[in-house]
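In what follows, a single structure is set out as structure tokens and then discussed.
Lettering of chains follows the sequences in order, A, B, ..., and the numbering in each one begins at 1. Every value quoted in this text rests on a predicted model; they were computed, and no experiment measured them.
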2 protein chains.
Amino acid sequence: MADIAKRAGVSRQALYLHFPNRAELLVATARYLDEVHAIGTEFDAHVMGQAGTERLTGFVNTWGNYIPKVYGVGKALMAMKDTDEEARAAWDDRMGAVRGLCEVTVQSLAEHGALSEDLDENTAADLLWTLTSVRNWEQWTQECGWTHAQFLEHLNRAARRLIVGA
Amino acid sequence: MADIAKRAGVSRQALYLHFPNRAELLVATARYLDEVHAIGTEFDAHVMGQAGTERLTGFVNTWGNYIPKVYGVGKALMAMKDTDEEARAAWDDRMGAVRGLCEVTVQSLAEHGALSEDLDENTAADLLWTLTSVRNWEQWTQECGWTHAQFLEHLNRAARRLIVGA
DNA sequence: CGTCAACTTGACACAGTGTCAAGTAAATCG
DNA sequence: CGATTTACTTGACACTGTGTCAAGTTGACG
């Protein structure tokens with residue numbers, strides 16, 4: 001909080017005039033980033049506006065491109081999850097929304113007969129949701145040293161291999 | 001530290017007579033768990049003693065069965081990673097060992113012509129390493145509610161689909 | 001001119017880690 | 001047997017970070 005105040009050019013206490021605590025400041029920041037990057041419009045265009053394997057590609061690319069933009073605040077919220085109930089609820093709520101996108105994506109695959117035969121829709125959504133998690137992005141780009149382009153390429157390949165049927 | 005001391009039936013300060021700090025206590029606990037569960041022997045038998053896709057199955061099952069046993073201390077170390085340099089080094093060292101197992105597993109697949117044609121060995125190891133991460137185990141079993149058996153089953157399927165060639 | 005909103009400084013409580021000093025009690029050794 | 005050593009105790013303290021509180025400043029606006 002002291003660091004943030006310094007960077008914002010205000011006193012530490014001024015932050016508490018705008019946000020009740022650290023968790024809500026981070027949540028507000030995340031919401032602000034959503035707005036700035038118009039993530040809702042992006043999803044509408046590239047996910048809800050597509051079907052079958054194109055919807056899958058749209059989801060993977062749109063979400064994959066968004067992750068690095070929210071990684072900073074996301075990492076802070078994830079770190080608070082274990083000790084702060086409010087941070088946990090906020091992060092779980094956001095990831096729940098992503099999980100919802102995974103579900104509709106899988107549904108569209110199923111409708112087009114493109115879902116792998118050995119998977120039910122729920123398991124497929126679980127797989128896609130975890131595959132595209134922020135933690136996996138973190139590991140691939142930070143620990144493995146993948147570029148963003150490599151990340152998107154391999155994530156698309158993995159998603160297809162994991163949940164799309166022959 | 002206070003909680004651990006309480007559960008151990010000693011004073012908080014007594015812990016500091018045995019371990020210089022929290023990070024080293026956790027690292028020592030992890031090493032103790034390795035010993036108790038004879039993880040080295042397990043890997044020797046089910047990974048190094050196998051080849052090709054059997055080595056892959058051996059690695060996935062052995063490591064997959066070990067994760068829940070070290071999850072407690074692992075979670076604590078992961079939480080410290082961002083602020084404590086020693087914890088970061090300790091955890092990265094352990095995960096580096098797992099990454100090494102992924103490499104030899106992928107190598108064995110390649111030698112038997114079982115590695116997917118569109119992957120180089122390094123990328124395949126990155127994929128397997130991330131797929132089998134503790135974070136993914138956490139998400140699948142805690143958030144998705146998978147049983148341990150389901151986890152192992154789907155992890156094996158995913159590993160095969162992701163890195164084994166036709 | 002007075003008031004209000006936004007901010008400041010400075011203090012404090014509280015939790016958690018790590019340090020330090022002094023004391024105790026039991027085992028070990030000469 | 002007495003002296004020492006080992007393992008532990010109690011209790012204090014420093015330091016960091018979050019969140020709270022009180023009192024004061026400053027500028028805009030009716």
What is the distance, rounded to the nearest whole Å, between atom [atom1] of [X] and atom [atom2] of [N]?
X     : N      : atom1 : atom2 : value
B:D82 : D:dG17 : CG    : C1'   : 16 Å
A:L25 : D:dG19 : CG    : C1'   : 13 Å
B:R12 : D:dC13 : CZ    : P     : 14 Å
B:L26 : C:dG16 : CG    : P     : 16 Å
A:Y16 : D:dG19 : OH    : P     : 4 Å
B:M80 : C:dG18 : CE    : C1'   : 12 Å
B:D84 : C:dT17 : CG    : C1'   : 11 Å
B:R22 : C:dA15 : CZ    : P     : 17 Å

Exercise. Can you figure out which of D:dT9, D:dG19, C:dG18 approaches the side chain of B:L17 most closely?
Key: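 So the side chain of B:L17 is nearest to D:dT9.
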Self-check item: Check against salt bridge (Lys or Arg N to Asp or Glu O under 4.0 Å), B:R99 and B:E103
Solution: CA-CA 6 Å; B:R99 162 79 216 219; B:E103 274 168 30; 3.1 Å; yes
Quiz item: How would you list, by chain and number, every residue that makes a salt bridge (charged side-chain N to carboxylate O under 4.0 Å, His left out) with B:D118, sequence neighbours excluded?
Solution: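 Salt bridge (charged side-chain N to carboxylate O under 4.0 Å, His left out) check on B:D118 returns A:R157, A:R161.
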Practice problem: Examine C:dC7: is either OP1 or OP2 under 4.0 Å from a nitrogen or oxygen in the side chain of A:H18? Give yes or no. | Solution: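 Yes, within the criterion.
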Quiz item: Are A:S11 and C:dT8 close enough that a side-chain N or O sits under 4.0 Å from OP1 or OP2?
Solution: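 It does, given that an N or O in the side chain of A:S11 lies less than 4.0 Å from OP1 or OP2 of C:dT8.
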Quiz item: Does the pair A:E143 and B:K81 meet the rule for a salt bridge (Lys or Arg N to Asp or Glu O under 4.0 Å), with working shown?
Solution: CA-CA 13 Å; A:E143 325 271 324; B:K81 252 187 81 171; 3.7 Å; yes
Quiz item: Where do B:R94 and B:D34 land on the salt bridge (Lys or Arg N to Asp or Glu O under 4.0 Å) test, with the steps shown first?
Solution: CA-CA 11 Å; B:R94 295 180 71 78; B:D34 286 354; 2.8 Å; yes
Exercise. Hey, which sits more toward the 5' end of DNA chain D by its nearest nucleotide, A:Q13 or B:L15?
Key: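 Nearest-nucleotide comparison on DNA chain D picks B:L15.
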